Amino acid sequence: MAAERRKGERVTFERGVPAQMMGIDGTWRRECMMEDISETGAKLSVEGSVEGLHLKEFFLLLSSTGLAYRRCELAWVNGDQIGVNFLKTGDKKKKGGKRAPLGAEV
């Protein structure tokens with residue numbers, strides 16, 4: 001068995017929790033089962049192929065209304081299971097130089 005690399009404690013769901021993966025731009029969705037979750041990420045079993053999907057960054061929808069969700073990035077793939085890292089609001093890598101604060105003279 002592979003060594004566990006996750007740092008935080010995780011909760012494992014005996015039967016999995018139904019969820020959906022959705023592209024950032026909303027152009028694709030996939031049904032999935034959340035197998036376990038921690039503060040920093042989750043393990044998902046994906047229904048259907050993930051080939052061709054933009055998994056660099058996507059949403060994990062945790063409710064049918066979409067009100068509970070996490071922004072994710074792909075960490076690993078193993079068959080029909082994938083690992084995801086949750087992104088925080090400030091985690092997105094900024095391109096270019098520093099921006100001036102609003103109202104500041106440039």
Side-chain angles (χ1 to χ4, degrees):
M1 189 165 179
E4 179 62 43
R5 293 179 289 182
R6 184 170 291 162
K7 294 175 184 137
E9 287 189 36
R10 64 179 161 167
V11 175
T12 301
F13 303 107
E14 191 172 310
R15 296 185 183 160
V17 174
Q20 286 190 346
M21 299 164 47
M22 182 178 80
I24 292 292
D25 59 1
T27 58
W28 61 267
R29 280 188 186 224
R30 282 291 181 282
E31 298 288 329
C32 64
M33 292 294 276
M34 189 167 43
E35 304 294 334
D36 70 38
I37 191 168
S38 74
E39 189 175 326
T40 59
K43 178 168 65 172
L44 310 174
S45 292
V46 183
E47 295 181 15
S49 174
V50 294
E51 190 174 335
L53 298 179
H54 183 67
L55 294 175
K56 174 98 176 117
E57 199 170 320
F58 61 94
F59 290 113
L60 177 61
L61 305 178
L62 302 170
S63 72
S64 59
T65 60
L67 295 176
Y69 64 91
R70 291 290 177 265
R71 195 171 192 137
C72 303
E73 67 179 354
L74 181 67
W76 54 265
V77 177
N78 185 5
D80 68 342
Q81 291 187 328
I82 66 171
V84 299
N85 294 321
F86 297 144
L87 298 174
K88 294 179 186 154
T89 305
D91 281 357
K92 189 165 179 168
K93 295 176 182 116
K94 293 185 176 154
K95 295 179 182 176
K98 290 184 178 180
R99 288 182 157 169
L102 288 175
E105 289 186 33
V106 181

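Not measured: the values here are computed from a predicted model.
- Inter-residue side-chain proximity for Met33 and Pro18 is flagged as met; some heavy-atom pair is nearer than 4.5 Å.
- Of all heavy-atom pairs between Phe58 and Leu74, the closest is CE2-N, 4.2 Å.
- Residues Asp25 and His54 form no side-chain contact, since every pair of their non-hydrogen atoms from C-beta on lies 4.5 Å or further apart.
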Decide side chain to side chain contact (heavy atoms under 4.5 Å, CB included) for Leu60 and Tyr69; before the verdict, give the C-alpha distance in whole Å, the side-chain angles of both, and the deciding distance to 0.1 Å.
CA-CA 5 Å; Leu60 177 61; Tyr69 64 91; over 6 Å; no
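- Side-chain contact between Leu55 and Met21 is present, with heavy atoms from C-beta onward closer than 4.5 Å.
- Between Arg29 and Leu61 there is a side-chain heavy-atom pair separated by less than 4.5 Å.
- Hydrophobic clustering, with ILVMFWY side chains joined whenever heavy atoms are under 4.5 angstrom apart, groups Leu44 together with Val17.
- If you chain together hydrophobic residues whose side chains sit under 4.5 Å apart, Ile24 and Trp28 never meet in one group.
- Considering all non-hydrogen atoms of both residues, Glu51 and Ser49 come closest at N-OG, 3.0 Å.
- Under the 4.5 Å side-chain criterion, counting only non-hydrogen atoms from C-beta, Val11 is in contact with Ile37.
- When all heavy atoms of Phe86 and Ser38 are compared, the closest pair comes out as CE1-O, 3.5 Å.
- Follow the hydrophobic side-chain contacts under 4.5 Å out from Val50 and you reach Met34 in the same cluster.
- Inter-residue side-chain proximity for Gln81 and Trp76 is flagged as met; some heavy-atom pair is nearer than 4.5 Å.
- Residues Glu35 and Gly16 approach most closely at OE1-CA, 4.5 Å, considering heavy atoms.
- A distance of 8.5 Å separates SG of Cys72 from CG of Asn85, quoted to the nearest 0.5 Å.
- Atom CZ in Arg30 sits 4.5 Å away from atom CG in Leu53 (nearest 0.5 Å).
- Two residues are said to be in side-chain contact when any heavy atoms from C-beta on lie closer than 4.5 Å; Thr12 and Lys43 fail this criterion.
- Under a 3.5 Å cut-off, the side chain of Arg70 and the backbone N or O of Gly41 do not form any donor-acceptor pair.
- The two atoms that bring Ser63 and Ala68 nearest to each other are OG-N, 3.3 Å, heavy atoms only.
- Contact detail for Cys32 and Val46: the closest heavy-atom pair is CB-CA, 4.2 Å.
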